[in-house]
Amino acid sequence: MTKKLWPHARPYAPWIAAGVACSAMEAVFELLIPLVMSDIVDVGIANGDQAFILRKGVLMIALAVASLCFGLGAAVTSSVAGMGFGANLRQAEYAHIQTFAFSNIEKFSTASLVTRLSNDVHNLQMSLMMSMRLMVRAPVMLVAALFFSVRISYRLSNVFLVALPLLLVVVVILLATTGPLFRSLQEKTDALNLVVQENLAGIRVVKSFVREDREREKFQARNDDLKSTSLRAFGKVVINMPLMMLIIYGTIIAVMWFGGQMVYDGTLEAGKLITYFTYITQIMMSLMMVSMIFMMLTRTVACAKRVAEVLGESPAITDCKAEQTESGLFTGPSDGSIDFDHVFFKYNAESSQWILEDINLHIPSGSTVGILGGTGSGKTSLISLIPRLYETSAGAVSVGGKPVAAYTMERLRESVSVVLQKNTLFTGTIRENLLWGNPQATEEELWAACRAACADEFLERMPQGLDTDLGQGGVNVSGGQKQRLCIARAILKQPKVLILDDSTSAVDTATDAEIRAAFAHELRDATKLIIAQRVASVREADRILVMDGGRIVAQGTHAELMETCSIYREVYQSQQEGGSLDG
């Protein structure tokens, strides 16, 4: 765990060292003040020496100012180190998450990754800041105060033989009981964030089904669960304070009793007893701070383990098999030809059922292939293997004559455009979203892609055109408009392979036909794979694949399938009848 986290704190090692030194010096100078005060009482006041009192008073002020300066230095250095460590850790964790395959993300869940990236990292950076102050200050004060206390009166220090074991027992018991609770606390936070995320992402569905009450109940259940876990965890931490104070005050009473006797007997000076009280208070407060630090570290360790789990997660899909040219460069596919060689696939290695089973397929570069099939037939899984969104369980997928693993994911995916079922637009303007396809695209190229995707007709009606703000997730455009913008973004990429996963389902048949015609012009040399529910969307394709149960059960042109495939024929006839009824 430390090996995963320390590299992100290493750049701030000088700041950490300076902060530790400042905290230690702050404690030392603060501990010297009671000794000076003791001299003032026992020597200056006892002898009526005003000059001595004045000199010692000036020395006390100087010690206090020095302690203040070192305290300010500790505060500044701990802030720089803590915030810098947190920023580095967030950056590293976020960058590592970007390398995850879908299976890695599904392992943690999106809500948990958000919590680990924000809440857990925040706890770690705050722990570092507090540790630089308290974990140095408290032990230094504890050891130094014990040393000075023993110097003042060895006999009176025997009180610690009772107090210290009691404090140790309390701390050990609390640490043993709070550790698992803090781990559970972070998991409950994940669960609460998941509910919030799902609700906000699907707020339109919630409102359209009038399920606000159900969502409130679900949130309340998770919230109450988090509250009860928090109460158990922090309730045990809170118990620490009264128990500590009981032991501290008990120790002070014992010192007053035995120390008063010693002053009365003349074996201890009054000033020394006053100083002893100061040190014993600092000792007990230091012990209490140490116990609180251990409580804090219990939660910190839980957070650190969760962050380390993310940083230690190996991406399920890597570039380790990517091939380089003789000059040491990585290249992309030379053309858009696609081959499936006895491909088997399932999402969970332990599952007994294949999602795709023995797929053998060759698609020539530049051809148009339609894919039809019922829900769960494996259409989306099939096309997800081409850009390596998932890895095959057996067999090989090749693009441009080479296995997809022979390319880096960057070079492979630069050559493949995918418009998925769920159209995603990001917060910002339409222009900013389109430039994802080609950051160097000119104004003319942007509008050409929009015309090809039939998006120009609604963009021209918008006062700000391409500079229209889409809002969060593209809430300012309809489903069909969102689909067309996503298609325009894919066209701008000028890919060798274009995959449309039922991405024209929200547009009318006339617009669908216009978009397909534009593909033939704008992406003449690209291989086009079109998953569709409507036969009309793939009727003119060079080849149509019919899938069922994870297998390709038939393939051919529209005319060939009408003669040889009963599934295709039934789908076509049902849609024709539906169209006539609609008319």
Side-chain angles (χ1 to χ4, degrees), residues 1-2 4-6 8-31 67-90 93 115-145 167 170-172 174-175 178-179 181-183 185-186 189 230 233-241 243-245 248 282-308:
M1 182 175 68
T2 305
K4 299 289 183 185
L5 302 181
W6 171 244
H8 310 295
R10 187 181 293 120
Y12 295 92
W15 291 91
I16 294 173
V20 168
C22 285
S23 295
M25 294 306 296
E26 177 191 13
V28 169
F29 278 101
E30 188 175 328
L31 285 166
S67 179
L68 174 63
C69 291
F70 280 115
L72 290 174
V76 171
T77 52
S78 64
S79 296
V80 172
M83 295 301 176
F85 168 64
N88 286 353
L89 192 56
R90 274 191 298 271
E93 192 175 358
T115 304
R116 293 168 195 246
L117 191 62
S118 53
N119 183 272
D120 289 354
V121 172
H122 175 74
N123 285 333
L124 288 176
Q125 74 178 27
M126 293 305 296
S127 295
L128 177 60
M129 291 170 61
M130 294 180 67
S131 297
M132 286 175 62
R133 297 295 310 277
L134 299 181
M135 285 193 72
V136 176
R137 177 183 170 83
V140 168
M141 290 193 72
L142 176 62
V143 173
L167 287 169
V170 171
V171 171
V172 170
L174 288 174
L175 286 177
T178 55
L181 287 174
F182 279 125
R183 176 77 183 187
L185 182 64
Q186 297 306 111
T189 304
S230 300
F234 290 106
K236 292 183 180 297
V237 173
V238 170
I239 290 173
N240 178 58
M241 182 66 72
L243 289 176
M244 288 289 180
M245 295 309 296
I248 289 172
Q282 289 175 332
I283 290 169
M284 293 302 169
M285 293 303 293
S286 297
L287 283 170
M288 190 165 65
M289 280 194 291
V290 169
S291 70
M292 293 304 295
I293 290 168
F294 279 116
M295 297 299 165
M296 177 189 69
L297 289 179
T298 303
R299 185 176 189 183
T300 300
V301 169
C303 294
K305 286 180 178 178
R306 285 159 53 85
V307 172

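Basis for what follows: all heavy atoms, side chains included, without hydrogens, waters or symmetry-related copies.
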Interatomic spacing from [atom1] in [X] to [atom2] in [Y] - rounded to 0.5 Å:
{"X": "Met129", "Y": "Thr77", "atom1": "CE", "atom2": "OG1", "value": "10.0 Å"}
{"X": "Ser79", "Y": "Gln125", "atom1": "OG", "atom2": "CD", "value": "10.0 Å"}
{"X": "Met130", "Y": "Asn123", "atom1": "CE", "atom2": "CG", "value": "11.0 Å"}
{"X": "Met25", "Y": "Glu30", "atom1": "CE", "atom2": "CD", "value": "13.0 Å"}
{"X": "Met83", "Y": "Met126", "atom1": "CE", "atom2": "CE", "value": "6.0 Å"}
{"X": "Thr189", "Y": "Asp120", "atom1": "OG1", "atom2": "CG", "value": "8.0 Å"}

Least distance between heavy atoms, [X] atom then [Y] atom:
{"X": "Ala74", "Y": "Cys22", "answer": "N-CB, 3.6 Å"}
{"X": "Leu5", "Y": "Ala304", "answer": "CD1-CB, 3.6 Å"}
{"X": "Leu128", "Y": "Ala81", "answer": "CD2-O, 3.8 Å"}
{"X": "Ala75", "Y": "Ser78", "answer": "O-OG, 3.0 Å"}

**Request:** Test Val28 against Phe70 for side chain to side chain contact (heavy atoms under 4.5 Å, CB included), laying out the working first.
**Result:** CA-CA 10 Å; Val28 169; Phe70 280 115; over 6 Å; no
**side chain to side chain contact (heavy atoms under 4.5 Å, CB included) between Glu93 and Val307, intermediate numbers included** = CA-CA 8 Å; Glu93 192 175 358; Val307 172; 3.8 Å; yes
**Request:** Evaluate the criterion side chain to side chain contact (heavy atoms under 4.5 Å, CB included) for residue pair Leu124 and Thr300; output intermediate values, then yes/no.
**Result:** CA-CA 6 Å; Leu124 288 176; Thr300 300; 3.5 Å; yes
**Asked** Is the closest side-chain heavy-atom distance between Tyr12 and Asn88 below 4.5 Å?
**Response** yes
